[in-house]
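One structure is given here, and the rest of the page talks about it.
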Amino acid sequence: MTQFIRQELSSSLDLVRKLSEDNALHRQIEAVVGLCTRALRAEKKILFAGNGGSAADAQHWAGELVSRFYFDRPGLPGIALTTDSSILTAIGNDYGYDYVFARQVEALGCEGDVFFAISTSGNSANILRAIHAAKERGITVVGFTGAGGGNMLEHCDECFRMPSDSTPKIQEGHELLGHMICALIEKDMFGHDRD
Ligand SMILES: O=C(CO)[C@@H](O)[C@H](O)[C@H](O)[C@H](O)COP(=O)(O)O
Ligand SMILES: [Zn+2]
């Protein structure tokens with residue numbers, strides 16, 4: 001068992017080392033933070049969606065914006081499309097699971113919003129359909145995926161590709177990016193660092 005533990009920790013360290021050395025990624029993070037803060041200053045909002053562990057990320061990051069991250073400050077408009085069981089089951093039952101996020105983007109999204117589309121494979125049908133719905137509405141799409149990129153890659157305005165093919169490892173990378181982006185949005189919008 002300890003060999004598995006060591007292997008897991010070693011691959012996580014390898015991922016973090018790659019992220020820390022990727023200057024293009026750091027510039028991409030800055031670009032995404034900038035597009036998010038421009039949208040927020042224009043009274044727009046950020047939508048989040050993903051499946052499984054990525055649904056947890058969607059809810060986690062929306063909470064960082066609406067509540068707080070490092071310090072007390074006004075709430076920021078973030079909505080996770082993964083939380084309302086009545087909406088999810090109604091759409092899934094009436095239109096099919098592929099539409100559970102796209103229908104919400106249609107109903108809730110506005111031109112100028114930002115949509116964080118999270119899929120480790122880049123191929124989940126309900127994420128791809130939500131991306132299509134977002135683009136149709138002039139909503140900026142920021143993708144979070146893995147090394148392969150999948151079908152979502154070509155449809156995102158910006159897409160973070162973690163340097164791994166392992167779903168759990170990709171998610172670990174997404175978690176790091178999500179926290180950094182939320183912290184930088186907060187800092188940019190309200191002008192100071194941590195408490
Ligand atoms: O969290 C994990 C694996 O670590 C799983 O729940 C994983 O999120 C699910 O298999 C998702 O359905 C995978 O979808 P996606 O990331 O490829 O879009
Ligand atoms: Zn997971």
Side-chain angles (χ1 to χ4, degrees), residues 1 3-19 22 25 28-29 32 46-64 78-93 95-106 108-109 113-136 139-182:
M1 183 184 296
Q3 184 184 357
F4 172 81
I5 294 168
R6 286 198 186 96
Q7 283 171 344
E8 281 297 292
L9 292 171
S10 171
S11 64
S12 295
L13 280 171
D14 186 47
L15 178 81
V16 173
R17 182 182 50 75
K18 288 177 182 172
L19 297 180
D22 187 342
L25 171 70
Q28 189 178 25
I29 292 169
V32 166
I46 303 178
L47 304 172
F48 302 84
N51 293 281
S54 298
D57 288 340
Q59 292 157 207
H60 181 180
W61 301 346
E64 308 288 32
I79 302 176
L81 305 179
T82 54
T83 61
D84 187 315
S85 56
S86 295
I87 289 175
L88 291 166
T89 55
I91 300 169
N93 199 38
Y95 296 100
Y97 189 66
D98 287 359
Y99 295 88
V100 288
F101 300 134
R103 185 67 172 194
Q104 293 185 77
V105 170
E106 287 174 26
L108 303 171
D113 287 349
V114 179
F115 174 46
F116 277 29
I118 314 167
S119 174
T120 61
S121 65
N123 291 321
S124 285
N126 57 14
I127 293 293
L128 295 172
R129 288 191 184 278
I131 290 171
H132 179 72
K135 299 305 289 178
E136 281 194 326
I139 295 171
T140 302
V141 177
V142 178
F144 293 76
T145 188
N151 291 322
M152 73 186 285
L153 193 57
E154 63 186 287
H155 301 292
C156 296
D157 297 286
E158 289 284 352
C159 195
F160 292 109
R161 295 168 67 178
M162 294 301 95
S164 173
D165 295 319
S166 156
T167 294
K169 292 301 162 200
I170 294 167
Q171 289 174 335
E172 289 174 25
H174 289 171
E175 273 289 282
L176 288 168
L177 260 60
H179 269 154
M180 283 191 279
I181 290 169
C182 290

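Quick note: residue numbers are just sequence positions, from 1. Indexing begins at 1, ligand by ligand and atom by atom, following the structure's order.
Under the 3.5 Å distance criterion, with hydrogens and angles disregarded, a donor-acceptor pair is assigned to the side chains of Glu172 and Ser12.
Within the structure, side chain to side chain donor-acceptor pair (under 3.5 Å) pairs that include any residue of residues 139-156 comprise Asn123-Asn151 (at least two apart or interchain). The salt bridge (charged side-chain N to carboxylate O under 4.0 Å, His left out) pairs that include a residue from residues 81-93 number zero, where partners must be two or more places apart or lie in different chains.
For the pair Trp61 and Glu175, the minimum side-chain heavy-atom distance is below 4.5 Å. Between Met162 and Leu177, the closest side-chain pair of non-hydrogen atoms falls below 4.5 Å.
Near-neighbour remark for the Zn ion (ligand 2): protein N, O or S atoms under 2.8 Å are Gln171 OE1; waters not counted.
For the pair Asp157 (side chain) and Val142 (backbone), a donor-acceptor distance under 3.5 Å is absent. Panel note: side chain Gln28, backbone Cys159; a donor-acceptor pair is recorded below 3.5 Å.
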Short N or O contacts of ligand 1 with protein, under 3.5 Å, listed by atom name?
residue  : atom   : partner : partner atom : Å
ligand 1 : 1 (O)  : Gly53   : N            : 3.2
ligand 1 : 1 (O)  : Gln171  : OE1          : 3.2
ligand 1 : 1 (O)  : Gln171  : NE2          : 2.9
ligand 1 : 4 (O)  : Gln171  : OE1          : 2.8
ligand 1 : 6 (O)  : Gly53   : N            : 3.4
ligand 1 : 8 (O)  : Asn51   : O            : 3.1
ligand 1 : 8 (O)  : Gly53   : N            : 2.9
ligand 1 : 8 (O)  : Gln171  : NE2          : 3.2
ligand 1 : 16 (O) : Thr120  : N            : 2.7
ligand 1 : 16 (O) : Thr120  : OG1          : 2.7
ligand 1 : 17 (O) : Thr120  : OG1          : 3.3
ligand 1 : 17 (O) : Ser121  : N            : 3.1
ligand 1 : 17 (O) : Ser121  : OG           : 2.7
ligand 1 : 18 (O) : Ser119  : OG           : 2.6
ligand 1 : 18 (O) : Ser124  : OG           : 2.6

Exercise. Step by step, work out the side-chain contact (heavy atoms from CB on, under 4.5 Å) result for Phe160 and Val32.
Key: CA-CA 10 Å; Phe160 292 109; Val32 166; 3.5 Å; yes
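Heavy atoms from other residues, nucleotides or ligands lying under 6.0 Å from NE2 of His132 number 12 at most.
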